[in-house]
Visitor: 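I'd like to ask you about the structure that follows.
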There are 2 protein chains.
Amino acid sequence: MTASPDPAEPAAPEPARPDPALRLLWRHVVAEDEQPRRGPRQRLSVDDVVDAAIAMADAEGLAGVSMRGLAQRLGLAPMSLYTYVPGRNELVALMVDQVLARRELPPLPDGLRARLETVARVHHAEALAHPWLLDVTGIRPWLGPGAADRYEWQLSAVEGVGLDDVEMDQTVALLVGFASSIAHAEHEKRRAERESGQSELAWWEANAEELGRVMSGREYPLAGRVGQAAGEAYQAASDPARELEFGLARIVDGVLALLATRS
Amino acid sequence: MTASPDPAEPAAPEPARPDPALRLLWRHVVAEDEQPRRGPRQRLSVDDVVDAAIAMADAEGLAGVSMRGLAQRLGLAPMSLYTYVPGRNELVALMVDQVLARRELPPLPDGLRARLETVARVHHAEALAHPWLLDVTGIRPWLGPGAADRYEWQLSAVEGVGLDDVEMDQTVALLVGFASSIAHAEHEKRRAERESGQSELAWWEANAEELGRVMSGREYPLAGRVGQAAGEAYQAASDPARELEFGLARIVDGVLALLATRS
DNA sequence: GCTTGCTCCGTACGCCGTACGGAATATTGT
DNA sequence: ACAATATTCCGTACGGCGTACGGAGCAAGC
């Protein structure tokens, strides 16, 4: 018994065949090494499928994008989708990259503060327009042209300001992560209102008595005081728009402070 | 036909009955208004159910907690779970609050910088220990004792440092949101490695050739340079632990800078 | 013209949350 | 003591999900 490869698998050294999802992601760039394919032409294009899926996700959330529902919307049988896309996960990756690719990236303003804010605000706006982006998991490490272009643009916002390469990456990650967390909070707030059919405030009123009864015997001096002040200021239990402004100001101040120590 | 209430529904003005999930969340606090209940005793307690669900979620993720699987683990028929808990969503809310309640909150150190860091690190550690916490959605606005105690503790870290009430709330939200986004990145990184069976680095190597082919014709000067520098520094495509340190330093600096303008 | 590879699709499997109703059981009201 | 009632536990069933598998028909390559 040598260590030779399994004879059932022919001698081909299996040069780590590339992930098929990668070709799909970059389909518009690689494009046309197309020799005509056998069999019936596809009635639709991958873009048709992805666009329909994005529209469904915008309307119904990521969980609302089912292979069955999507197929019906496209006039296909469910299993026919699998000739366009290997599976649902890959479809989601394509949706994400399509969204990233479509957005026209605004020119970066002058001034580091404004540039950093722009990076965060663009991401925040995108996550608000497509809340399902925040629910996406499991598409790492698939990297498409939309994500690549976006990263390049984000880095250009912090190029030449005095950060080293690693710090540039970390700064972008910090801004994007923060914008995501704000959008996440906003999305959760909206979901709560939508699903309960009543506003947050109404729920608190309806349950204030029970909450008071139940919390008696515990002391929440700070939470009571701060919660009330925040509630009055927000007219809600939270106000993600204000959290964005507050947090962004602090983060940008922090980055500027780092650079200030160097000049 | 007057506007009188539906006679099928007796005159009771329906005083907005409290959410049953609230009583369940606060079951240990309200506790014993217990008159003995009719029918067979419950074989288990709500805590048994919630603890088993937490154990399942720790091992298999939130999606791995199915009512069927949980019931089997507890020796019950699936539908019997619904005598303990109104539904899966409520169960998840109980799991979250149980986790929050269990963690012993460390004493807050001296010095604002260390206090702010502690708030973020506690949340980060918790999200790492229970990655499914980040997948929880739709449990707003249910508020349990664990969440209330936690909020009180977080506020105590920023009490009396010169922030007004609304700023206290926003500062805590900023720290917690940031810690969540770091933990989210870390969790995604681990998931990618687990599900692909190979390390991130191995995937990039296996697909480097295809990526190079596919990205030719596009220019990514910054992404190429920074990505390489970061990759070498991290020995991976990302390094959430470093992102935590970098981002936390910037955020704390930003908060301190805000306070510095006031003294 | 035969073979091959492709598209499209019907069926089926094993999951999911949970609505519904019935049998057994323990307390409550008489 | 006995009937009424409330509660637990559970079997069955419904409508959803992703997708494996195999077959039918079509277009290109030999």
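A quick note: this is a predicted structure, and the numbers were derived from the prediction, not measured.
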Visitor: What is the distance from CG of L74(B) to P of dC9(D), rounded to the nearest Å?
Guide: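 Nearest whole value for this atom pair: 11 Å.
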
Visitor: Would you kindly give the CG-to-P distance between L81(A) and dA20(D), to the nearest whole Å?
Guide: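 Nearest whole value for this atom pair: 14 Å.
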
Visitor: Does Y84(A) put a side-chain nitrogen or oxygen below 4.0 Å from OP1 or OP2 of dC8(C)?
Guide: yes

Visitor: Considering non-hydrogen atoms only, spot the tightest contact between P78(A) and A71(A) and give its length.
Guide: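 Result for this residue pair: CA-CB, 3.5 Å.
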
Visitor: What's the CG-P distance between L70(A) and dC9(C), to the nearest Å?
Guide: 14 Å

Visitor: In whole Å, I'd like the distance from the CG atom of L62(B) to the C1' atom of dG17(C).
Guide: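 Rounded to the whole Å, the gap is 14 Å.
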
Visitor: On DNA chain D, does the nearest nucleotide to G69(A) precede the nearest nucleotide to L44(B) from the 5' side, or the other way round? Give the residue.
Guide: L44(B)

Visitor: For R37(A) and dT7(C), is the shortest distance between a side-chain N/O and OP1 or OP2 below 4.0 Å?
Guide: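 Answer is yes, contact under 4.0 Å.
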
Visitor: Closest nucleotide of DNA chain C for P40(B) versus for E90(B): which of these residues is on the 5' side?
Guide: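 Of the two residues, E90(B) wins.
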
Visitor: Would you mind reading off the distance between L76(A) atom CG and dG10(C) atom C1', rounded to a whole angstrom?
Guide: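 Checked: the CG to C1' distance equals 14 Å.
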
Visitor: Ignoring the backbone of R43(A), work out which of dC8(C), dT8(D), dG17(C) is nearest its side chain.
Guide: dC8(C)

Visitor: Just how far is it from atom NE2 of H184(A) to atom OG of S180(B), taken to the nearest 0.5 Å?
Guide: 7.5 Å

Visitor: For I54(A) and M95(A), which heavy atoms make the closest approach, and how far apart are they?
Guide: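 Taking I54(A) first and M95(A) second, the nearest heavy atoms are CD1-O, 3.8 Å.
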
Visitor: Among dA28(D), dT27(C), dC8(C), which nucleotide sits nearest the side chain of P36(A)?
Guide: dA28(D)

Visitor: Checking all strands, does V85(A) fall into the base, sugar-phosphate, or nothing category for heavy-atom contacts under 4.0 angstrom?
Guide: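 Touches nothing.
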
Visitor: How do G64(A) and A77(B) order along DNA chain D: which one's closest nucleotide is nearer the 5' end?
Guide: A77(B)

Visitor: Rounded to whole Å, please give me the gap between CD in Q72(A) and P in dC8(C).
Guide: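 Checked: the CD to P distance equals 17 Å.
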
Visitor: Rounding to an integer number of Å, can you tell me how far M56(B) CE sits from dC15(C) C1'?
Guide: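 So the CE-C1' distance, M56(B) to dC15(C), works out to 13 Å.
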
Visitor: So which nucleotide from dT11(C), dG17(C), dT8(D) ends up closest to the side chain of T83(B)?
Guide: dT8(D)

Visitor: Side chain of R68(A), base of dG16(D): donor and acceptor closer than 3.5 Å?
Guide: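 No pair found.
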
Visitor: To the side chain of R88(A), which of dG18(D), dC9(D), dT7(C) is closest?
Guide: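 Given the options dG18(D), dC9(D), dT7(C), the side chain of R88(A) is closest to dG18(D).
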
Visitor: Looking across every strand, which nucleic acid part, if any, lies under 4.0 Å from S80(B) by heavy atom: base, sugar-phosphate, or nothing?
Guide: base

Visitor: Please check if the side chain of K189(A) supplies one atom and the backbone of P240(A) the other of a donor-acceptor pair under 3.5 Å.
Guide: no

Visitor: Rounded to whole angstroms, how far apart are CD on Q42(B) and P on dA26(C)?
Guide: 13 Å

Visitor: Measure the CZ-CG distance between R102(B) and D97(B) for me, rounded to the nearest 0.5 Å.
Guide: 11.0 Å

Visitor: Rounded to the nearest 0.5 Å, how far does CZ of R190(A) lie from CD of E193(A)?
Guide: 9.5 Å

Visitor: Decide yes or no, distance alone: a donor-acceptor N/O pair under 3.5 angstrom between the base of dT28(C) and the side-chain of R38(B).
Guide: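 Side chain to base: no pair present.
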
Visitor: Among the candidates dA12(C), dG17(C), dG11(D), find the nucleotide nearest to the side-chain atoms of M79(B).
Guide: dG11(D)

